[in-house]
Each structure stands twice: as C-alpha cells, then as structure tokens.
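Each remark here refers to the structure printed beneath this line.
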Protein chains: 2
Amino acid sequence: MPFHDMLNHGVMSVSIGVPMAAMPYRPSAEPGAGTHCAGCAARHIGLCDALVDIDLPELAAAAQWRTIRSGALLMTEGDPARYFFNINHGTAKVYRDLPDGRRQITGFVTAGYFVGLGMPANYSASVEALEDVRLCRFDRLTLRALFVTFPSLERKLLIATGNELLIAQAQMLLLGRKSALERLASFLLAWIEPASPAGTRLPMGRSDIADYLGLTIETVSRNFTILRQRRLIAISTEQEITIVNCAGLTGIAIGAAA
Amino acid sequence: MPFHDMLNHGVMSVSIGVPMAAMPYRPSAEPGAGTHCAGCAARHIGLCDALVDIDLPELAAAAQWRTIRSGALLMTEGDPARYFFNINHGTAKVYRDLPDGRRQITGFVTAGYFVGLGMPANYSASVEALEDVRLCRFDRLTLRALFVTFPSLERKLLIATGNELLIAQAQMLLLGRKSALERLASFLLAWIEPASPAGTRLPMGRSDIADYLGLTIETVSRNFTILRQRRLIAISTEQEITIVNCAGLTGIAIGAAA
DNA sequence: CGGAATCTTGACGTTAGTCAATTTCTGTGG
DNA sequence: CCACAGAAATTGACTAACGTCAAGATTCCG
C-alpha cells in the first residue's frame, strides 16, 4: 500500500495526451476500450467511486483527461489553484522548496489519489510526474457545484483528506524522530510488496527518496547497503527491490530495535 | 495565528468540568451567560459556525460539554475512536510515540480546532491538555448522521481537514530540511503575535517545543539564547516571549539567511 | 561500445545529541 | 516578605550521526 500526500494541483505546463484541450469530456470521444468512466481502470479507486454508474456522466462532463509526460509538472507552487486532479495511472512527487534550493517531498501520488485537496487560492506545493501520468482534471469551481448535487463526492474527499492527514502524521514522526536506517526501512515497507519474490520496481530514484526522507542521497545509498548486507532486502537491478526479511525490516521501521 | 494538527479524539480518562456526564446538552442547563451555543465564545470559530442560529439546537443535542484538566488525556493512541472533539478554550498537544519513548508532537490544538478529523476505527494519536481545556464532545456516529441533514457541517470539516494538511506539509518541510535555528524561528512566528509589545505567553514548555520541532530540549534552549542574543526576540519571564525583529526572524524561518 | 547520469564508497567536517552541572523559576510555607 | 524545595531551563564539554566533498563504479541508452 503505497504512500502519498500532496495538496494542490494546477495551472500547468504539460503535454496533453488525449487531444481534447479545453473540450469537455464526451463518452464517444474517449480513448481505450471502456470509452467512458464506468470502464476506466481507476473507476473504483478514484473520485468516480463515490457515484453509482447512472450518475457518472455528470461527473464525466466536468472531467478532462490528460497525460502528463515523465518529468513534466502537474502544478507549480504559488500558481492559482484552478484545477483539481485525480490520478488514474503513474506516479508523481509532491514537494515544497526553500529559497536556497533545499527540497522536501511531502508525498508520492499514484492511481486513485487526489491532488488539490484542501487547497486555498494558490497551490501550496509543486507536483512533478516521475513517469507518464494519466489523470482526470476538474475545474475546481465546477467540481464544487457538483458537491451540491452529489454530497457523496464531498464525503469521499473528506475521507481521502483524512487519510492524507494520517499519513502526514506518520511522516512527521519519521522526519522528526527516526534515524536514517529507520526512515529507509519505513519507506521500503510502504512501497514494496512484502510477499512478491520477483521484486518491486520503485518509480523514484535515490535523490527523490532522500528528499522524501529528509536525508542526503549519500546517506540513503549507505543505508541501502546496510539493509542489503544484513539480508533484510535484496537489490536486483538498482531500483528493483525485494524484501527478504519483512519482520526484521518492520522491527527497524517502528524503532523497536535499538 | 497559531498552528495545530491532530487527528483523533477519544474515549478518555478525564475529569469532567460541567456535571452532565452522559446527558445530552440542554440549553437550559448550560453554564455561563449565553446558556446556549449561540452565546458560546467559540460560536464563530468552531463546528457550529457552519450552521445558522436556527439550526444550532440540533447540533447542540449531539454535543456534550467537557472540561479537561491540565495534564489529562483527551484521547489515547490505539483506543476505539468513539468521539470527535471541538476545542472551545485552552491548548492541547497531539503526539505519537515510538516504542522506545521517542515522541513527536504533530500539532497543538487551540480554540476552534477539531480533534478527530479523518479518523479510522481507532485513534491514531494521543492528545493531552497543556492547560485546562473546554470542549464539545460529539459521538462520531451521531455526528455522521447530522451530515445528511446539514451538508454544511461536512463542508466545514473538509475545509478544516484541508487546512490541517497544509500545515502538516509545512511541518514536513520544517522537520526534513530546516536547521534547529530555522525551526525555532518558524515556530515562534506561528505562535507569537508579531505586534504585541507586551509579549505572548506560550502554553507549552521547552520539552514540548523540542518534541514538536524534532529536537532535544537542550538544542531548543541554546537556540532561544541565540535568537535573544541577536535581538530578534526578547524573553521576559521564561515562556513570555516578544518578537523584536519580525523581518529578521522571518528571514531565518524561511531559510533565506545563509 | 561509449558517454552521461545515477549510484556507491571513502575521508573528513558540522550539527545536533548526550551527559552532567549549574542557574533560574515556581510555588509553598514559615 | 523571605526561605526553601522541586521542577524547568540554561550552559558546557564531549560524542555520534549525518552532511559535504571527492573519487570511483554501475547502469542506462543511444
């Protein structure tokens, strides 16, 4: 169960995958086999999950499909917060920067996550795609109007925002009180399928992991080596990781081991 | 504008100020002058702010007034999350502990704040009163039922939860990337009225500040001294602080000064 | 196969933590 | 009002963990 966080979403300078720039979504114009939200791969993990199939067209009319290329920005901190996003596929990083360049990644967002929760007038963070990202973009005013018709949308967002807050709390404990080794162990447990023998490919590099854990890239690398040498994890090809000793890794992550 | 955070709220072992243990709130039985929610000091900063006066009685019927003595727990991490709280007066700390005793305070809650946002079945943090705290306690199931009648309550909570998330993001940046001096400067700016020449009394001690900023009590103390020696703040009587040079303090807080 | 980017490893420096007094504050009672 | 005791805060000397700087090794892709 991967992590996440985020906050805003935004006016963006991104490449557009589906050629329907400012055009409202139309079922008949949809790409892929499903051709409408009910057939979307993210149908039951995204915002639409709050609605029954019969009500989907109204939500779909407010949604715009986009594909964000790897490395492109979904939103930039400080920009007017016009849009709200629902990720359907791919991974992006949410981060804040200090004036001198120090960066803190506050979360990674994957399929099903909302970007733009609890936003004020301007985005409070930047979001960059780590791989190609498919998403639904909503105009915030349009979406707010839909809340009146479908209170279940608002409930879904309230639950999602609450979950974000829980994850943020856990991350504050990690950043404020855990050692480098404990941070890395916690991170891997959240991202790697514990059972998978084949190994899981991490979508982010060492630099992003460092910015997420409040460490430097060198410290992350050193602690990867420590975990590997202690036979707690196995590293096949760089970011292809396998958890070898889940109990041992968990012990380190929760701070049980001295 | 003080900070905050929080998450759960809970089954609690607390002293009860207003003698109406499990009895539903009744206007005629209310303490103080206002004698009902419309006269409450927190009328326009709490949950009730989402309702017009005419609808208040319905919300009031679901609320129970409580006073939590300084040092008592509002909730304990892991306990079943039966209640939701709305602080009316006083300050409390929200924290998580690691098994070996390391503690991270994820936020301080004051008048107007909600405790128990986005909660799962069990409280995910403990909350302890730093001074006597007055609050309204709601049964979570009862409150959820009210959401159907008054969608504005849910909207209020969504906005509040979103604000929490923004604050949590800022705190992650602080914990992950700021120096001890920058952390303390950021904290003081959030808690001390910049203009007040008389000085503001902090409700928390050095130990709580340390647990909030991810530092030790000694490091907090040393950096208080540094800020005082640089004439950025003045310390009258221990936790009675005045901001002397707001611009200078802000410069440190945002990481502008090298 | 080659070059750039990413990752790893090593030597050394800096910041904050640890351990230990000492000082200051708070509150209580004489 | 002052004296005292306990708690909280400050200060100092030293240590440990992580950051910085600098090579090298690997991986990735054309």
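Labels below follow one simple rule: chain letters A, B, ... track the order of the sequence lines, proteins then strands, and each chain is numbered from 1.
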Whether the side chain of [X] engages the backbone of [Y] through a donor-acceptor N/O pair (distance < 3.5 Å, no angle test) should be reported.
{"X": "B:Asn223", "Y": "B:Thr219", "result": "yes"}
{"X": "B:Arg134", "Y": "B:Asn88", "result": "no"}
{"X": "B:Gln104", "Y": "B:Tyr212", "result": "yes"}

Interatomic distance where [atom1] belongs to [X] and [atom2] belongs to [N] [whole Å]:
{"X": "B:Met204", "N": "D:dA9", "atom1": "CE", "atom2": "C1'", "result": "16 Å"}
{"X": "B:Leu213", "N": "C:dG17", "atom1": "CG", "atom2": "P", "result": "11 Å"}
{"X": "B:Arg228", "N": "C:dT24", "atom1": "CZ", "atom2": "C1'", "result": "12 Å"}
{"X": "B:Ile241", "N": "C:dC25", "atom1": "CD1", "atom2": "P", "result": "12 Å"}
{"X": "A:Phe224", "N": "C:dC7", "atom1": "CZ", "atom2": "P", "result": "9 Å"}
{"X": "A:Ile217", "N": "C:dT6", "atom1": "CD1", "atom2": "C1'", "result": "7 Å"}
{"X": "B:Glu240", "N": "C:dC25", "atom1": "CD", "atom2": "P", "result": "13 Å"}
{"X": "B:Leu202", "N": "C:dC25", "atom1": "CG", "atom2": "P", "result": "16 Å"}

**Request:** Decide whether B:Thr106 and A:Gln169 meet the rule of one side-chain donor and one side-chain acceptor closer than 3.5 Å.
**Result:**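 Short answer, yes.
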
**Asked** Without hydrogens or angle criteria, can the side chains of B:Thr91 and B:Glu131 be said to hold a donor-acceptor pair below 3.5 Å?
**Response**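 B:Glu131 and B:Thr91 do have a side-chain donor-acceptor pair below 3.5 Å.
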
**Request:** Quick one, give me the B/S/- string for nucleotides 14-30 of chain D, reading 5' to 3', where B means a protein heavy atom under 4.0 Å from the base and S means that only happens at the primed atoms, P, OP1 or OP2.
**Result:** ----SSBB-----SS--

**Prompt:** Taking NZ, NE, NH1 and NH2 as the nitrogens, is one of them in B:Asp211 or A:Arg177 under 4.0 Å from a carboxylate oxygen of the other?
**Reply:**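 A salt bridge is present here (some side-chain N lies under 4.0 Å from a carboxylate O).
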
**Asked** Counting only side-chain N and O atoms of A:Ser207, is one of them less than 4.0 Å from OP1 or OP2 of C:dC7?
**Response**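 For A:Ser207, the contact criterion (side-chain N or O under 4.0 Å from OP1 or OP2 of C:dC7) is not met.
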
